[in-house]
Structure formats: C-alpha cells, structure tokens
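Since the structure comes first, as structure tokens, the remarks are kept for the end.
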Amino acid sequence: MSEKKMTSSRRHHLKSLILSIAAGWLEQEKKDLVAAKEAYMSENCPAPTMSGDHAALMEICKKISAQIDKIDEERYDIEAKVQKADKEIEDLKIKVVDLAGVKKPALKKVRMSADTMLKALLGSKHTVNMDLRANLKQVKKEAKEEPTEAAGDWRKNVEGKADRKKMFETS
C-alpha cells in the first residue's frame with residue numbers, strides 16, 4: 001500500500017515539474033513574440049518625424065496612405081487566393097464523395113402485409129382497404145338495340161353493295 005502512495009506522489013511531483021517547465025516555456029515564448037514584434041515594427045515602420053512644416057507632414061501622410069493602399073491590395077489578392085483554394089477544396093471533396101459513391105445499407109426483409117404497409121405509410125388515421133374493386137363504380141350494361149332494318153335480310157345488303165364492287169373492278 002505504501003508503494004502505491006509513493007508512486008502516486010512521485011507521479012504528482014513529475015506532473016507538477018512538467019507543468020512548471022511548460023509554464024516557463026510559455027512565458028519565454030510570449031517574450032520572444034513581443035521582441036519579434038518590436039523588431040519588425042522598428043525595421044518596417046520607423047517612427048515618424050513630426051517636426052517640420054505643413055508640406056513635410058502632408059508628404060508623410062501621402063507616403064503612409066500609399067503604403068496602406070499597397071497593403072490593402074495585397075490583402076485583397078491573398079483573400080481571393082484563399083477563397084479560390086477553398087472552392088477547389090470543396091469541389092475536390094465533392095468529387096471524392098462522388099467517386100466513393102454513397103453506400104446503401106443492406107435492407108432487411110420485413111414480412112408485412114399490404115394493409116399494414118399502407119397503414120405504416122399513410123398513418124393510423126387513414127383506413128386502408130386492399131379490396132380495390134370495392135372502390136370502383138358499378139356500371140350496368142345496357143343491351144344495344146340494333147335497328148330492325150339492319151337485322152333484316154342480309155342478301156339485300158350484299159346486292160346493294162355489288163354496284164360498288166363493279167366500280168372498283170372497272171377502274
């Protein structure tokens with residue numbers, strides 16, 4: 001039991017040492033960052049000289065304005081490049097998904113009658129009847145009454161149409 005406590009306290013001690021070393025590194029990193037900023041600012045942005053007449057100050061303002069415009073153009077160009085790269089990345093992601101294809105899960109066989117399937121689809125409010133013929137309209141067949149003349153002697157019709165046959169034969 002005492003060995004476990006010793007190893008636990010030893011672990012705790014090691015963790016605290018690691019955390020203190022990491023805290024020291026973070027502090028050093030912050031100091032280095034501040035020093036790098038100061039060096040960059042002194043190199044690229046010298047302190048403006050405010051002594052001089054109105055024309056000299058106007059010239060300084062024009063130079064600063066030109067530098068701001070140049071930086072804005074660079075920023076705009078970089079943003080355009082980033083947006084273009086983002087769009088290409090999205091297109092490539094879509095292509096990867098298209099090439100991989102959407103995997104359809106294996107469907108399980110479900111034994112279900114047509115009535116229960118329709119109830120599941122339409123909800124329990126709808127009453128479903130699979131007897132589709134019951135919903136059809138009843139139509140009564142009417143016997144066609146042909147005129148009695150047409151039902152008469154068929155030989156008369158044939159003799160009457162014989163003239164037509166002669167027309168086709170002569171031509």
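Sequence positions, counted from 1, serve as the residue numbers for this chain.
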CD1-CD1 distance between I78 and I71, expressed to the nearest 0.5 angstrom: 10.5 Å
Flag side-chain contact, heavy atom, 4.5 Å: K84 against E88: yes
Spacing of K62 atom NZ and L57 atom CG [to the nearest 0.5 Å]: 12.5 Å
S65 side chain to C61 backbone, donor-acceptor under 3.5 Å: no
Partner set under side chain to side chain donor-acceptor pair (under 3.5 Å) for Y40, not counting sequence neighbours: N44
Full working for side-chain contact (heavy atoms from CB on, under 4.5 Å) between E74 and K70: CA-CA 6 Å; E74 289 175 3; K70 181 181 172 188; 3.5 Å; yes
Reported NZ-to-CG distance for the pair K93 and D98, which is rounded to 0.5 angstrom: 14.0 Å
Interatomic distance, I89 atom CD1 to I94 atom CD1 [nearest 0.5 angstrom]: 12.5 Å
Those residues that, when tested against E79, pass side chain to side chain donor-acceptor pair (under 3.5 Å) (two or more places apart): R75
Nearest-0.5 Å distance that lies between atom CG in L19 and atom CG in L14: 11.0 Å
Side chain to side chain donor-acceptor pair (under 3.5 Å) against D32, all qualifying residues, sequence neighbours excluded: Q28
Heavy-atom side-chain contact between D72 and I68 under 4.5 Å: yes
Approximate separation, where rounding is to 0.5 Å, of Q67 CD and K63 NZ: 9.0 Å
